[in-house]
Amino acid sequence: MNELMLARASDDVLKDLVLPGELVTLPGYQLSDLQALQQQVQLAVAAFKAGMAVAVNLNLGGFDTHGNHDREQPRQIAKLLKGVDFLMTEAEAAGIAGNLVVMIGSDFARGPGYNGPSEYDGKDHWSITSAMLMGKGIAKGRVIGGTTDDQRALAVDPASLGLKEGGKVLKPETIHLALRKLAGVGDNELAKLFPLAGDDMPKLLTG
């Protein structure tokens with residue numbers, strides 16, 4: 001935030017930036033990462049409301065559970081969901097919730113099996129993961145895609161989005177192509193300079 005303010009010190013938009021009077025402070029054991037996430041939310045919402053930002057990345061770590069998987073994952077997921085709830089609450093209070101599109105995801109998942117026989121064992125990296133999207137223009141209450149029992153991706157029909165043998169497997173580039181179209185920049189000249197190889201699924205986000 002300091003670097004942004006220095007870079008735009010002469011920009012009139014700074015007059016509209018109202019920083020939180022106090023950043024979130026969470027007392028308690030092992031809550032510093034949730035505290036940091038909520039502080040990120042506060043600064044992001046302030047930047048959105050002032051018109052200084054159109055996109056942000058918010059981060060919560062602790063999911064790389066090569067050990068103690070069954071203990072650590074539920075705790076971190078609970079923190080993540082608390083952070084998402086905090087984001088939408090802050091956005092509502094700022095009057096910008098109706099314009100937000102939120103994507104929640106990870107760079108990779110955890111494997112279907114444990115890496116040892118102990119109850120304290122973890123799960124290693126896995127390439128099949130999931131994402132959750134919500135907000136303006138996103139169709140509600142849908143689950144698209146799926147996996148086999150051994151956590152292999154199942155293909156979907158690009159038109160109906162139902163599971164279909166011989167269809168297309170959902171990939172990050174497919175989702176981001178749909179996000180570009182949702183934002184109205186899919187055919188923008190700049191977008192054409194950075195093409196995405198994803199399969200076109202017109203109803204992926206909007207139903």
Side-chain angles (χ1 to χ4, degrees), residues 37 41 44-45 48 53-60 63-65 69 73-74 76-92 95-113 123-207:
L37 175 60
V41 165
V45 169
F48 283 151
V54 296
V56 299
N57 287 325
L58 307 178
N59 179 67
L60 176 70
F63 292 94
D64 200 15
T65 49
H69 175 86
Q73 284 287 331
Q76 295 308 109
I77 290 172
K79 292 178 183 178
L80 174 63
L81 296 177
K82 179 66 176 177
V84 173
D85 180 71
F86 183 77
L87 167 62
M88 299 312 297
T89 299
E90 290 290 293
E92 287 280 359
I96 62 170
N99 290 322
L100 280 185
V101 173
V102 180
M103 178 175 175
I104 303 142
S106 176
D107 49 353
F108 52 81
R110 314 314 298 177
K123 293 189 173 185
D124 297 328
H125 298 176
W126 193 253
S127 61
I128 309 300
T129 185
S130 60
M132 180 166 62
L133 292 101
M134 55 192 287
K136 184 178 182 180
I138 305 291
K140 299 178 180 179
R142 301 189 306 162
V143 176
I144 301 171
T147 67
T148 61
D149 290 342
D150 60 349
Q151 214 168 308
R152 307 284 178 176
L154 296 172
V156 302
D157 180 352
S160 70
L161 301 178
L163 296 177
K164 179 184 178 181
E165 187 174 350
K168 300 291 186 179
V169 172
L170 282 174
K171 296 181 179 179
E173 52 266 38
T174 301
I175 297 172
H176 284 279
L177 182 63
L179 283 169
R180 284 185 178 184
K181 291 187 175 183
L182 180 67
V185 298
D187 296 323
N188 185 276
E189 290 303 315
L190 287 175
K192 292 177 182 178
L193 293 176
F194 302 94
L196 295 171
D199 297 299
D200 188 13
M201 299 187 184
K203 299 180 181 179
L204 181 61
L205 301 182
T206 56

Are Leu193 and Glu189 side-chain neighbours, meaning at least one heavy-atom pair lies under 4.5 Å?
no
With Met132, which of Ile138, Val143, Ile104 fulfils side chain to side chain contact (heavy atoms under 4.5 Å, CB included)?
Ile104
Minimum side-chain heavy-atom gap Val156-Lys164 below 4.5 Å
no
Heavy-atom pair of closest approach, residues Met88 and Leu100:
SD-CD1, 4.4 Å
Is Ser106 close to Phe63 at the side-chain level, that is, under 4.5 Å between some pair of heavy atoms?
no
Asp64 versus Phe108: any side-chain heavy-atom pair under 4.5 Å?
yes
Scanning both residues in full, the closest heavy-atom pair of Leu182 with Val101 reads CD2-CG2, 4.1 Å
Any side-chain heavy-atom pair from Lys168 and Asp157 closer than 4.5 angstrom?
no
Residue pair Leu205 / Leu133, side-chain heavy-atom distance below 4.5 Å
yes
Please check: side-chain N/O of Arg110 versus main-chain N/O of Lys123, any donor-acceptor pairing under 3.5 Å?
yes
Side-chain contact test, heavy atoms from C-beta onward, threshold under 4.5 Å: evaluate it for Met103 versus His176 and give yes or no.
yes
For Asp85, look at atom CG and say whether over 12 heavy atoms of other residues, nucleotides or ligands are found less than 6.0 Å away.
yes
Report yes if some heavy atom in the side chain of Met201 is under 4.5 Å from a heavy atom in the side chain of Thr174; otherwise report no.
yes
